[in-house]
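One structure is given below, encoded as structure tokens.
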Protein chains: 2
Amino acid sequence: MAQPTSLARPPAPLVGDTRERLLDAAEQLFGENGFDGTSMRALARAAGTGLSAANYHFGSKEALLTAVMLRRINPVNELRIQRLETLEAQAGNQPLRVEDIVDAYLRPVFEIRAASLQRDASSPWLAARVYSDPSDAVSKLKRELFVRVHARFLPALQRALPQHAVRDLEIAQQLTTGLLVHVLSGNVSEGELGSAQDYEAILRRLIAYATAGLTHLPVVPADGAEEQP
Amino acid sequence: MAQPTSLARPPAPLVGDTRERLLDAAEQLFGENGFDGTSMRALARAAGTGLSAANYHFGSKEALLTAVMLRRINPVNELRIQRLETLEAQAGNQPLRVEDIVDAYLRPVFEIRAASLQRDASSPWLAARVYSDPSDAVSKLKRELFVRVHARFLPALQRALPQHAVRDLEIAQQLTTGLLVHVLSGNVSEGELGSAQDYEAILRRLIAYATAGLTHLPVVPADGAEEQP
DNA sequence: GTCTATATGTTGATAGAC
DNA sequence: GTCTATCAACATATAGAC
């Protein structure tokens with residue numbers, strides 16, 4: 001009880017280390033090879049530890065995926081919503097500009113990605129890979145993580161584009177996510193782009209493309225009959 | 001040698017049947033569960049045959065994937081190019097409308113998809129799943145299949161949008177593919193859409209979004225310095 | 001051509017020593 | 001906490017009978 005704290009807790013210091021190395025390895029390998037394409041053994045080896053350590057810390061492969069996803073996606077989503085709220089505070093009662101909404105949605109991913117990349121910087125962003133991963137373990141997780149943000153951004157889009165049906169805006173929003181996923185999966189710019197700092201180049205094109213797509217939705221009659229002459 | 005042909009070839013009639021059932025099963029299961037997520041056993045069972053039959057006809061899992069991809073993608077790509085050539089013939093020397101180029105690129109996928117779906121119609125389109133599948137066997141195949149079409153459509157885009165750099169058009173073209181992949185992977189319209197015939201509803205929104213994205217590229221100075229005031 | 005049986009390797013997860 | 005050793009299940013692919 002009267003032990004000095006410097007001696008009272010020797011186990012703690014080197015505990016969290018391998019746990020985080022496992023998360024790092026999982027982020028990289030799941031991102032590169034997918035969930036089914038990554039074995040727990042390869043993952044433990046990349047983290048410089050044994051197979052059992054991984055199962056000790058996370059209990060299962062699926063739980064490890066959940067952990068690494070949460071670690072990376074939650075900050076992105078919080079930053080997105082924070083940006084949106086800042087915009088709304090500045091705008092008062094006026095609708096936001098579509099481009100600003102798109103920016104608040106897309107930019108945080110690139111910023112956090114750039115901040116958390118000591119590595120190759122060319123490896124795919126895990127969350128994007130997960131978004132199109134068909135594995136059962138993955139599809140459940142996906143919606144829980146992203147539905148909340150979509151629900152938060154949709155009203156902002158509605159106010160900015162009041163002439164369109166909610167359903168159309170929802171689809172356009174999902175298409176925008178498709179653009180993001182495609183870029184972050186590494187399917188765009190096999191050329192000179194892709195280095196760490198100048199994500200601005202691809203991001204500007206991405207924002208421009210998405211903004212145009214959202215502001216030029218096909219105008220359909222407000223009622224159900226879409227094909228009537 | 002003098003045998004009547006009706007007796008000379010009895011083995012042929014029932015040959016192709018299981019081979020095609022295997023292709024059908026592969027298309028469905030690879031599409032739903034990905035390449036790594038589908039076992040040859042599950043695939044053979046879905047085709048109503050044994051494991052060995054699959055390996056007899058295709059030699060390996062990877063070769064089976066290649067076969068099923070080629071069967072479905074080649075007709076799409078041929079239709080795409082045929083549509084583009086028709087447009088060019090009609091336009092004479094004039095540049096095409098961007099929307100028509102986009103239509104020629106996107107619509108054939110939905111048409112052939114609708115024509116080849118006796119099944120659920122809600123199962124993901126294999127080629128889209130493959131496009132974001134990280135498996136090694138898949139990434140090689142991907143580029144071989146799609147690079148040719150992209151190379152064919154890019155000049156048409158250049159003539160329609162001469163004020164933009166080729167590199168910018170190329171990126172926008174890849175973004176457009178991202179939209180398509182996302183839709184065909186089943187990530188859009190979890191609502192009422194998705195039935196067999198009315199793909200027109202989602203296709204129209206897709207075309208509008210992509211056309212707007214392509215016609216509103218950010219205008220950058222023709223030289224390298226993009227950020228100069 | 002298709003089957004059963006099998007060879008050979010890998011998987012996720014666990015038990016028990018330390 | 002981390003290790004080695006091991007389990008049962010599953011993977012791809014092949015051999016040989018019919």
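Reminder, nothing fancy here: chain letters follow the sequence lines and each chain counts from 1.
Between the P atom of C/dT11 and the CG atom of A/Leu43 lies a distance of 11 Å, rounded to the nearest Å. The CG-P distance, from A/Leu29 to C/dT11, rounds to 12 Å in whole Å. Between the CG atom of B/Leu22 and the P atom of C/dT2 there is a distance of 8 Å, rounded to whole Å. Taking atom CZ of B/Arg45 as the reference point, atom C1' of D/dC10 lies 12 Å away to the nearest angstrom. One interatomic measurement links the two molecules: CG of B/Asp36 to C1' of D/dC10, which rounds to 14 Å at whole-angstrom precision. Rounded to whole Å, the distance from CG on A/Leu65 to P on C/dG12 is 13 Å. Regarding A/Asn55, its CG atom lies at a distance of 9 Å from the P atom of C/dG12, rounded to whole Å. Separating the CZ atom of A/Phe58 from the P atom of D/dT2 is a distance of 11 Å, rounded to the nearest angstrom.
At a cut-off of 3.5 Å, with distance as the only test, a side-chain donor of A/Glu32 or A/Gln28 sits close to an acceptor on the other residue. Donor-acceptor pairing under 3.5 Å is recorded for the side chains of B/His150 and B/Tyr105.
With C/dT2, C/dG12, D/dG1 as the candidates, the nucleotide lying closest to the side chain of A/Lys61 is C/dG12. The side chain of B/Ser52 has C/dT4 as its nearest neighbour among C/dT4, C/dT14, C/dT11. Comparing C/dA13, D/dT2, C/dT2 by their nearest atom to the side chain of B/Tyr56 picks out C/dT2. In this structure, of D/dT2, C/dT11, C/dT2, it is C/dT2 that holds the atom nearest to the side chain of B/Thr49. Closest to the side chain of B/Leu51, out of D/dA13, D/dT2, C/dT2, is D/dA13.
For the pair B/Ala53 and A/Met40, nearest-nucleotide mapping onto DNA chain C gives the more 5' position to B/Ala53.
Across all their heavy atoms, A/Pro134 and B/Gly34 have their closest contact at CG-N, 3.6 Å.
For the atom pair CG (A/Asp103) and CZ (A/Arg80), the distance works out to 11.5 Å, reported to the nearest 0.5 Å.
At a threshold of 4.0 Å, the pair A/Asp24-A/Arg71 counts as salt-bridged, since one of the basic side-chain nitrogens sits closer than that to a carboxylate oxygen.
Between C/dT2 and B/Thr18, a contact under 4.0 Å exists linking OP1 or OP2 to a side-chain N or O.
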